[in-house]
Enquirer: 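Let me give you the structure first, and then I'll get to my questions.
Side chains are part of it too, since the values below use all heavy atoms of this structure and drop only hydrogens, waters and symmetry mates. Positions are given from 1 along the sequence. Every value quoted in this text rests on a predicted model; they were computed, and no experiment measured them.
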Amino acid sequence: MYDSPVQNINYSNDKVIITVNNNEVFEADKVLITVPMPILQSNSIAFEPTFPQAKLNAFNNIPTPPGIKVFIEFSEKFYPDAIEVSTITGEKLYYDAAFGKDVNRNVLALFYVDDGASELTDLPINTAFLNAVLTELDNIFNGQASQYYVNHIIQNWSNEPYIQGSYSHNESENVRLAALEPVNNKIFFAGEAYSEGFSSTVDGAAFSAYEAVDVILVS
């Protein structure tokens, strides 16, 4: 079932009852939760009964800072292959998204995952947002960004209702294991945040899913 956001998961009885946004109900013996960590941290899905406090603490102790990507096309290439911009909380990176590719278009990408990224992710995706990025580039490149601007695409992960942030920045193995621990042998978890050694990556999410399915099959 697609386009049906889960609203409630009740695992208090023999069967797990999943209710989606149109009040349709599904039953299962076990459920694998793969939503991004910010969804669990924001209680976007109601679980009955509420998870044990140790589980909630583990979720809330996995940092998931704001994150955004912006691709901007220009009529001329006036920028180097990569630019690091220092911020109060870290750095953000601009890079040539067309580097090494067989294309004749000039595309500069902004990758910004950091607590400071909220300076952009909190802005509405409109002219004000674009102006904030172009103004920074104009200050670096003497107004050439606005001069050669053609088009842009914004991927504001923090503003996506079913993402609400970037990816995990957890460094504690104890926290990872506590977050991964199944609940009542009915609710299981998979995703990059639960991966050993590969967190914050797509590979980590895939490895975690394989491992979770193995656990479910033998439980």
Side-chain angles (χ1 to χ4, degrees), residues 2-3 5 34-42 44 62-171 191-193 195 197-209:
Y2 297 103
D3 297 323
T34 62
V35 297
M37 187 58 64
I39 301 298
L40 295 173
Q41 294 170 335
S42 65
S44 297
I62 296 178
T64 53
I68 193 167
K69 243 184 186 181
V70 184
F71 296 90
I72 310 175
E73 182 178 2
F74 298 99
S75 59
E76 301 288 340
K77 182 180 177 181
F78 54 87
Y79 45 83
D81 295 334
I83 315 144
E84 287 189 355
V85 178
S86 296
T87 67
I88 295 175
T89 55
E91 292 182 331
K92 54 183 171 180
L93 176 68
Y94 289 94
Y95 64 93
D96 182 358
F99 182 82
K101 298 179 175 64
D102 187 20
V103 296
N104 58 4
R105 299 169 71 178
N106 306 302
V107 180
L108 183 67
L110 165 63
F111 179 78
Y112 196 5
V113 173
D114 188 86
D115 287 336
S118 59
E119 67 176 307
L120 293 179
T121 60
D122 288 350
L123 292 174
I125 301 181
N126 56 20
T127 304
F129 187 106
L130 176 64
N131 285 345
V133 178
L134 289 181
T135 296
E136 180 169 69
L137 291 172
D138 280 341
N139 290 335
I140 299 172
F141 298 107
N142 300 317
Q144 293 182 89
S146 294
Q147 179 182 354
Y148 296 124
Y149 166 79
V150 175
N151 202 355
H152 73 281
I153 295 174
I154 298 170
Q155 297 175 344
N156 186 349
W157 301 317
S158 295
N159 199 42
E160 292 290 337
Y162 307 122
I163 301 177
Q164 298 182 18
S166 57
Y167 44 79
S168 67
H169 284 59
N170 176 47
E171 297 181 357
E192 56 82 18
S195 176
F198 295 93
S199 63
S200 305
T201 69
V202 174
D203 291 349
F207 292 147
S208 173

Enquirer: Answer yes or no: are there more than 12 heavy-atom neighbours, outside Leu93 itself, under 6.0 Å from its atom CG?
Expert: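 Atom CG in Leu93 is crowded, with more than 12 foreign heavy atoms closer than 6.0 Å.
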
Enquirer: So does Gly191 get a backbone contact from the side chain of Ser208, meaning a donor-acceptor N/O pair under 3.5 Å?
Expert: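 Side chain of Ser208 to backbone of Gly191, a donor-acceptor pair under 3.5 Å: yes, one is there.
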
Enquirer: Rounded to the nearest 0.5 Å, what separates atom CD in Glu119 from atom NZ in Lys92?
Expert: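 If I round to the nearest 0.5 Å, the distance is 4.5 Å.
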
Enquirer: So, Ser195 side chain and Ala205 main chain: donor-acceptor pair closer than 3.5 Å or not?
Expert: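 Checked: no pair found.
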
Enquirer: CG of Asp115 to NE2 of His169: how many Å apart, nearest 0.5 Å?
Expert: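 It is 8.5 Å, given to the nearest 0.5 Å.
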
Enquirer: Does any part of the side chain of Leu110, heavy atoms only, come nearer than 4.5 Å to the side chain of Leu120, both counted from C-beta?
Expert: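 Result yes, sub-4.5 Å side-chain heavy-atom pair found.
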
Enquirer: Would Gln164 and Ser44 count as having a side-chain donor-acceptor pair, cut-off 3.5 Å?
Expert: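 Per modelled atom types, Gln164 and Ser44 side chains form a pair under 3.5 Å.
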
Enquirer: Distance from Leu130 atom CG to Thr135 atom OG1, nearest 0.5 Å?
Expert: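 Output value for this atom pair is 8.5 Å.
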
Enquirer: Under the side-chain hydrogen bond (donor to acceptor under 3.5 Å, both in side chains) test, which residues partner Gln147, sequence neighbours left out?
Expert: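 Result, side-chain hydrogen bond (donor to acceptor under 3.5 Å, both in side chains) vs Gln147: none returned.
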
Enquirer: Please list all pairs meeting ring-ring contact (aromatic ring centres under 6.0 Å, His included) that have one or both residues in residues 102-122, counting only residues at least two apart or in different chains.
Expert: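 Listed once each, the pairs would be none.
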
Enquirer: Only counting residues at least two apart or in another chain, list the ones meeting side-chain hydrogen bond (donor to acceptor under 3.5 Å, both in side chains) with Asp96.
Expert: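 Residues passing side-chain hydrogen bond (donor to acceptor under 3.5 Å, both in side chains) with Asp96: Lys77.
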
Enquirer: Let me confirm one number: the CG-OG distance from Asp122 to Ser158, rounded to the nearest 0.5 Å.
Expert: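 Going from the CG atom of Asp122 to the OG atom of Ser158 covers 7.5 Å.
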
Enquirer: So His152 and Ile72, do their side chains get closer than 4.5 Å, heavy atoms only?
Expert: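 In contact.
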
Enquirer: Run the salt bridge (charged side-chain N to carboxylate O under 4.0 Å, His left out) test against Glu73 and tell me which residues pass, sequence neighbours left out.
Expert: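 Glu73: salt bridge (charged side-chain N to carboxylate O under 4.0 Å, His left out) contacts with Arg105.
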
Enquirer: Hey, what do you get for OH (Tyr149) to CG (Asn131), rounding to the nearest 0.5 Å?
Expert: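 One gets 9.5 Å once the value is rounded to the nearest 0.5 Å.
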
Enquirer: Are Val133 and Tyr94 side-chain neighbours, meaning at least one heavy-atom pair lies under 4.5 Å?
Expert: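 The answer is yes; the side chains approach within 4.5 Å.
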
Enquirer: Hey, does the side chain of Gln144 reach the backbone of Tyr79 with a donor-acceptor pair shorter than 3.5 angstrom?
Expert: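 No, the answer is negative, given that no donor and acceptor are paired below the 3.5 Å cut-off.
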
Enquirer: With heavy-atom distances below 4.5 Å as the criterion, would you say the side chains of Ile140 and Val85 are in contact?
Expert: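 Of all side-chain heavy-atom pairs linking Val85 with Ile140, at least one is under 4.5 Å.
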
Enquirer: Would you say Pro65 and Val113 make side-chain contact, with heavy atoms under 4.5 Å?
Expert: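 The answer is yes, as the side chains (C-beta and beyond) meet within the 4.5 Å cut-off.
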
Enquirer: Donor-acceptor check, side chain of Tyr167 to backbone of Met37, threshold 3.5 angstrom: yes or no?
Expert: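 Not a single qualifying donor-acceptor pair exists.
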
Enquirer: Which pair of non-hydrogen atoms, one from Thr64 and one from Ser168, has the smallest distance, and what is that distance?
Expert: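 Closest heavy-atom pair between Thr64 and Ser168: CG2-CA, 4.1 Å.
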
Enquirer: Under the salt bridge (charged side-chain N to carboxylate O under 4.0 Å, His left out) test, which residues partner Glu160, sequence neighbours left out?
Expert: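 Testing Glu160 for salt bridge (charged side-chain N to carboxylate O under 4.0 Å, His left out), a comparison that skips the adjacent residues, returns none.
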
Enquirer: Any donor-acceptor pair under 3.5 Å linking the side chain of Glu192 with the backbone of Ser200?
Expert: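 Looks like yes, one N/O pair under 3.5 Å.
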
Enquirer: Do you know the tightest heavy-atom contact between Asn156 and Thr121?
Expert: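 So the minimum-distance heavy-atom pair works out to ND2-O, 3.1 Å.
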
Enquirer: I need the minimum non-hydrogen distance between Pro124 and Phe129, along with the two atoms involved.
Expert: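 Minimum heavy-atom contact is O-CB, 3.1 Å.
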
Enquirer: Using the side-chain hydrogen bond (donor to acceptor under 3.5 Å, both in side chains) criterion, which residues pair with Ser146? Sequence neighbours excluded.
Expert: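 Ser146 satisfies side-chain hydrogen bond (donor to acceptor under 3.5 Å, both in side chains) with Asp138 once adjacent residues are dropped.
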
Enquirer: Measure the shortest side-chain to side-chain distance between Asn159 and Ile154 over non-hydrogen atoms and say whether it is less than 4.5 angstrom.
Expert: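 Result no, sub-4.5 Å side-chain heavy-atom pair not found.
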
Enquirer: Drop me the distance from Ile68's CD1 to Trp157's CH2, to the nearest 0.5 angstrom.
Expert: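 If we round to the nearest 0.5 Å, Ile68:CD1 and Trp157:CH2 are 8.5 Å apart.
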
Enquirer: Relative to each other, are the rings of Phe74 and Phe78 parallel, tilted or perpendicular (30° and 60° limits)?
Expert: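 Correct class here is perpendicular.
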
